[in-house]
Amino acid sequence: MNVTLWVKGLSPVEVDSICAWKAINLCELLTVKAITSEIHIQFGQTYSFIAHENKLYIFCALKSERRTISFDTNIVGLAANSKHGLVLLASGELKKYECLADHVVSVNFLGIEDDKAKGFITNLACGECVTVACTSTNGVYNIPNHTITLPKHVRIQKVAAGFEHCLLLTTNGDVYSWGGGLRGQLGNGEIAAFNDQPRLVEGLAGVKIIDIDAEGWHSAAVSSFGDLYTWGWNNQGQLGLQDPQHNERVVSLPQIVSLPGEEEEVTVKKVHCGIGHTVVEVTSVDGIHKVFYAGWELERRFNYRQANSALANFEGFRELDGPTDGAGESLQLGTGACQVYFLQRVQNE
């Protein structure tokens with residue numbers, strides 16, 4: 001199977017910037033004949049990581065070079081920041097690739113305090129100041145330190161990290177936050193330098209949440225009713241809030257966001273965050289899938305030939321035009337720190 005990576009925003013694999021959608025043939029990029037298994041992608045500000053089977057491919061946006069590392073078993077999890085990438089192997093081992101040193105080390109932190117309760121790693125997330133791992137025994141670690149062990153009846157569904165803060169979603173729809181909160185990204189109505197223990201996001205109390213994401217200094221969540229909530233720093237318009245009172249402001253409590261076209265009701269399914277942008281996948285009442293985004297105008301932001309390329313955008317959410325006509329649901333959406341991307345799989349003839 002051939003896979004095309006469509007990218008809008010800063011190029012994750014070459015020095016040249018990208019304006020509109022650009023197609024990258026992943027088979028050619030990774031020098032493989034076909035891609036049939038899962039692909040893990042993490043696009044950071046400088047370094048980008050793509051994992052396929054037992055290989056990790058590292059690209060630098062500032063240099064025209066590629067590094068490839070092979071592991072003994074397949075890669076099942078990937079998280080990264082601007083300094084390193086964390087690789088979770090099928091064997092349960094956790095490896096760290098250090099970008100500047102260009103070498104791999106093993107990360108052994110489980111069971112330091114209690115060997116009987118170590119479990120195995122189930123979730124990973126990397127920020128610039130926080131690196132989070134969750135385990136099968138409900139342990140939450142800011143690697144290598146143990147942060148908390150959640151009660152047995154709680155099941156962790158997803159973790160996400162911004163530069164300084166973390167979000168955790170449980171299967172019953174509760175959201176916890178911790179870490180740095182000077183830009184309101186913890187969502188508890190406080191401007192806190194640092195909270196070291198996860199706390200329920202009180203602004204979402206009574207709301208069942210089904211998806212979360214975080215990047216930079218902002219956070220987002222999707223409710224079971226299909227509503228989108230955002231909070232944190234709105235310096236680039238990434239919260240999608242159209243009231244001018246929120247422009248370039250810190251929003252310390254979750255706010256429900258209005259999407260364009262109120263005459264056509266849409267249900268938000270998933271949310272993806274970049275540093276200065278937020279992207280949501282929605283479904284209309286007639287089953288049509290659409291994508292909306294707020295914040296950075298990616299076609300202009302990373303076109304360095306334009307003097308006004310760095311301007312923020314406070315217009316709220318607007319529809320994202322897909323990279324190809326008629327591709328529809330065959331496209332898998334994701335975001336990097338400075339990109340929006342789609343994976344398009346095409347069966348080889």
Enquirer: Give the intermediate values and the outcome of side-chain hydrogen bond (donor to acceptor under 3.5 Å, both in side chains) for residues Ser284 and Lys290.
Expert: CA-CA 8 Å; Ser284 63; Lys290 295 182 179 180; 5.9 Å; no
Enquirer: Please step through side-chain hydrogen bond (donor to acceptor under 3.5 Å, both in side chains) for the pair Asp102 and Tyr97, ending with a clear verdict.
Expert: CA-CA 7 Å; Asp102 187 23; Tyr97 171 78; 2.7 Å; yes
Enquirer: Run the side-chain hydrogen bond (donor to acceptor under 3.5 Å, both in side chains) test on Thr230 and Gln255 for me, step by step, so that the C-alpha distance in whole Å, both residues' side-chain angles and the decisive distance to 0.1 Å come before the verdict.
Expert: CA-CA 6 Å; Thr230 60; Gln255 307 290 316; over 6 Å; no
Enquirer: In this structure, are over 12 heavy atoms from other groups packed under 6.0 Å from Phe120 atom CZ?
Expert: no
Enquirer: For Phe59, check ring-ring contact (aromatic ring centres under 6.0 Å, His included) against everything at least two apart and list the hits.
Expert: none
Enquirer: Any idea how Phe109 and Tyr141 line up, ring-wise: parallel (<30°), tilted (30 to 60°), or perpendicular (>60°)?
Expert: perpendicular
Enquirer: Are any of the side-chain heavy atoms of Thr147 and Pro198 separated by less than 4.5 Å?
Expert: yes
Enquirer: For the residue pair Thr267 and Asp227, establish whether any side-chain heavy-atom pair is separated by less than 4.5 Å.
Expert: no
Enquirer: Is the number of heavy atoms from other residues, nucleotides or ligands within 6.0 Å of CZ (Arg249) greater than 12?
Expert: no
Enquirer: Would you mind telling me which of His289, His272, Lys270 makes a side chain to side chain donor-acceptor pair (under 3.5 Å) with Glu281?
Expert: His272
Enquirer: Where is the tightest heavy-atom contact between Ser219 and Leu167, given as atom of each residue plus distance?
Expert: CB-CD1, 3.6 Å
Enquirer: Would you please indicate yes or no on a ring centroid separation below 6.0 angstrom for Phe342 and Trp21?
Expert: yes
Enquirer: Flag the pair Phe163 / Trp217 as yes when their ring centroid distance falls below 6.0 Å, and as no otherwise.
Expert: yes
Enquirer: Any carboxylate oxygen within less than 4.0 angstrom of a Lys/Arg side-chain nitrogen, looking at Glu14 and Lys22?
Expert: yes
Enquirer: Go through the steps to decide whether His165 and Ser177 satisfy the test side-chain hydrogen bond (donor to acceptor under 3.5 Å, both in side chains), and finish with yes or no.
Expert: CA-CA 7 Å; His165 74 292; Ser177 65; over 6 Å; no
Enquirer: What closest approach, in Å, do Ser252 and Ile191 show between heavy atoms, and which atom pair accounts for it?
Expert: CB-CD1, 4.2 Å
Enquirer: May I ask you to say whether Glu297 pairs ionically with Lys8, meaning some side-chain N is under 4.0 Å from a carboxylate O?
Expert: no
Enquirer: Here's one to test your reading of the geometry: is the NZ or CZ of Arg318 within 45 degrees of the ring axis of Tyr293 and under 6.0 Å from its centre?
Expert: yes
Enquirer: Quick check: closest heavy atoms across Ala294 and Gly237, and the distance to 0.1 Å?
Expert: CB-O, 3.7 Å
